[in-house]
Number of protein chains: 2
Amino acid sequence: MTGGVPTGDELVVMLAALANPLRLRIVARLAGGRDYVSRMARDIGISRPLLHMHLQRLEAAGLIAGSLELSEDGKAMKYYELTDFHLHLTASTVAEAVQTLTRSDPDRGPSSKEQS
Amino acid sequence: MTGGVPTGDELVVMLAALANPLRLRIVARLAGGRDYVSRMARDIGISRPLLHMHLQRLEAAGLIAGSLELSEDGKAMKYYELTDFHLHLTASTVAEAVQTLTRSDPDRGPSSKEQS
DNA sequence: TTCATATGTAAGGAAATTCTTTCACATGAA
DNA sequence: TTCATGTGAAAGAATTTCCTTACATATGAA
């Protein structure tokens with residue numbers, strides 16, 4: 001499962017990952033079971049490179065996990081599945097997460113965007 | 001309070017509104033009580049036009065509500081306060097919301113972005 | 001070999017987001 | 001009037017996001 005309480009920075013990444021209609025559809029798709037990239041692209045009706053980008057975004061946020069496997073006929077298949085993520089978003093939840101938020105601090109941080 | 005279960009389209013707007021470090025800080029700030037624009041801009045340390053933009057984004061998502069009031073000395077003050085929003089995000093929650101998602105449907109909708 | 005399947009990634013552009021600067025307007029106090 | 005406070009909004013640049021097209025590789029089957 002996804003580690004309990006996310007930090008402010010992690011929360012931003014998770015929210016940004018979910019704040020897209022196509023990625024929400026992907027999550028909903030995977031809620032019905034794991035699947036591999038090419039098949040999802042066909043079913044959803046988008047190009048494979050585009051799906052690949054969205055999947056990476058979701059995986060980086062820890063919402064899905066991918067594993068490269070070999071099918072019976074030897075093809076390399078990249079399977080993705082959901083993680084047990086659960087986010088409770090309320091005013092107090094957000095206030096708590098912001099305490100561990102390092103980005104967009106007009107005082108401390110250099111400007112606005114910074115990587116780890 | 002914010003109407004119970006959001007539609008898929010509303011969910012995207014809410015998530016997009018929260019998926020920004022500065023806006024999370026604003027929400028956390030308002031969790032401590034209502035406040036008006038200029039004062040928040042000073043305290044947080046950003047320009048008033050920038051804060052104005054972020055506040056509008058949050059208000060459009062239904063996460064905050066603003067009201068124009070007159071101070072004792074006659075100045076027009078725009079006060080903002082939080083709404084009682086609460087979002088439970090899990091795989092099944094997302095799957096349910098996607099059923100009422102009209103955007104980014106490769107089949108139906110024209111292309112990707114569409115307003116109401 | 002050629003075809004169909006699977007994978008990944010790079011290049012480029014359109015569109016959206018984010019932020020700064022600037023302008024305009026109104027009120028009370030000095 | 002001038003200054004300090006408050007409001008709103010437009011214009012433009014820098015950056016990010018989103019998407020398409022194209023290329024490169026590998027496997028099994030025909």
Side-chain angles (χ1 to χ4, degrees), chain A residues 12-26 34-61 66-80 103-107 109-115, chain B residues 9 12-26 34-61 66-80 103-106 109-115:
Chain A
V12 173
V13 173
M14 296 177 79
L15 288 171
L18 290 173
N20 176 281
L22 209 39
R23 285 194 291 268
L24 282 185
R25 288 186 193 282
I26 294 170
R34 66 204 301 269
D35 204 354
Y36 64 97
V37 183
S38 289
R39 194 147 85 96
M40 274 195 285
R42 274 193 302 268
D43 284 14
I44 298 178
I46 63 176
S47 69
R48 190 175 53 77
L50 178 58
L51 176 60
H52 184 263
M53 199 236 335
H54 286 303
L55 288 173
Q56 285 201 321
R57 193 87 189 266
L58 289 168
E59 188 173 31
S67 63
L68 191 61
E69 303 176 8
L70 288 179
S71 65
E72 292 186 352
D73 58 338
K75 298 267 173 55
M77 321 279 277
K78 187 65 171 279
Y79 274 88
Y80 279 97
R103 310 202 294 183
S104 272
D105 195 328
D107 299 320
S111 71
S112 182
K113 273 90 178 190
E114 199 165 304
Q115 261 74 321
Chain B
D9 292 350
V12 173
V13 173
M14 296 177 78
L15 289 171
L18 290 173
N20 176 281
L22 208 40
R23 286 196 289 270
L24 282 185
R25 287 186 193 282
I26 294 170
R34 65 204 301 271
D35 203 353
Y36 65 95
V37 183
S38 290
R39 194 147 85 93
M40 273 195 286
R42 276 195 301 269
D43 284 15
I44 299 179
I46 62 176
S47 70
R48 191 175 53 78
L50 179 57
L51 176 59
H52 185 264
M53 198 247 317
H54 285 303
L55 288 172
Q56 285 201 320
R57 194 87 189 268
L58 288 168
E59 187 172 31
S67 62
L68 192 61
E69 303 177 8
L70 289 179
S71 65
E72 293 186 350
D73 59 337
K75 299 265 174 56
M77 320 281 276
K78 187 63 172 281
Y79 275 87
Y80 279 97
R103 311 202 293 181
S104 271
D105 195 327
S111 71
S112 182
K113 273 89 181 190
E114 199 166 303
Q115 261 74 321

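The shown structure was predicted, so the numbers you read here are calculated from the model rather than taken from an experiment. Letters A, B, ... are given to chains in the order of the sequence lines, protein chains preceding strands, and every chain is numbered from 1.
- Rounded to whole Å, the distance from CE on Met40(A) to P on dT7(C) is 9 Å.
- For the side chain to side chain donor-acceptor pair (under 3.5 Å) test, no residue two or more places apart in sequence or in another chain qualifies with His52(A).
- Across all non-hydrogen atoms, the minimal contact from Leu15(B) to Leu18(A) is CD1-O, 3.5 Å.
- Between atom CG of residue Leu24(A) and atom CG of residue Asp9(B) there is a gap of 10.0 Å, rounded to the nearest 0.5 Å.
- Look at Ser47(A) and you won't find any side-chain N or O under 4.0 angstrom from OP1 or OP2 of dC19(D).
- Counting any heavy atom pair closer than 4.0 Å across all strands shown, Leu22(B) reaches sugar-phosphate atoms only and no base atom.
- Between the P atom of dA11(D) and the CE atom of Met53(B) lies a distance of 16 Å, rounded to the nearest Å.
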What's touching nucleotides 7-10 of chain D from the protein side, N or O pairs under 3.5 Å?
from, atom 1, to, atom 2, distance (Å)
dT7(D), OP1, Val37(B), N, 3.4
dT7(D), OP1, Lys78(B), N, 3.2
dT7(D), OP2, Ser38(B), N, 3.1
dT7(D), OP2, Ser38(B), OG, 2.1
dT7(D), O4, Arg48(B), NH2, 2.4
dG8(D), OP1, Lys78(B), NZ, 3.0
dG8(D), N7, Arg48(B), NH1, 3.0
dG8(D), N7, Arg48(B), NH2, 3.4
dG8(D), O6, Arg48(B), NH2, 3.1

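- Closest approach of Arg103(A) to Arg25(B), counting heavy atoms only: O-NH2, 2.8 Å.
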Distances for protein N/O vs nucleotides 26-29 of chain C N/O pairs under 3.5 angstrom?
none

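- Distance Ile26(A) CD1 to dC18(D) P: 11 Å, rounded to the nearest Å.
- Following rounding to the nearest Å, His54(B) (NE2) and dA16(C) (P) show an atom-to-atom distance of 18 Å.
- The two residues Leu58(A) and Arg23(A) make their nearest non-hydrogen contact at CG-CD, 3.9 Å.
- Counting to the nearest Å, the C1' atom of dT17(D) and the CG atom of Asn20(A) are 9 Å from each other.
- Side-chain contact check for Met40(B) versus Leu55(B): some heavy-atom pair is nearer than 4.5 Å.
- In this structure, CD1 of Ile46(A) is placed 8 Å from P of dT20(D), rounded to the nearest angstrom.
- As a whole-Å value, the separation of Leu58(A) CG from dT17(D) C1' is 14 Å.
- Under 4.0 angstrom from either OP1 or OP2 of dT18(C) there lies no side-chain N or O belonging to Arg103(A).
- Leu70(A) comes within contact range of no nucleotide atom at all, as no heavy-atom separation falls under 4.0 Å.
- Using a distance-only test at 3.5 Å, with no hydrogens or angles considered, no donor-acceptor pair links the side chain of Arg48(A) to the main chain of Ala41(A).
- Interatomic distance, CG of Asp35(B) versus OH of Tyr79(B), reported as 7.0 Å (0.5 Å rounding).
- One finds a salt bridge joining Arg34(B) and Glu69(B) here, because a Lys/Arg side-chain nitrogen approaches an Asp/Glu carboxylate oxygen to under 4.0 Å.
- Residue Leu15(B) contributes atom CG, which lies 16 Å from atom P of dT17(D) at whole-angstrom precision.
- Of the candidates dC19(C), dC19(D), dT20(D), dC19(C) carries the atom nearest the Leu50(B) side chain, counting heavy atoms from C-beta on.
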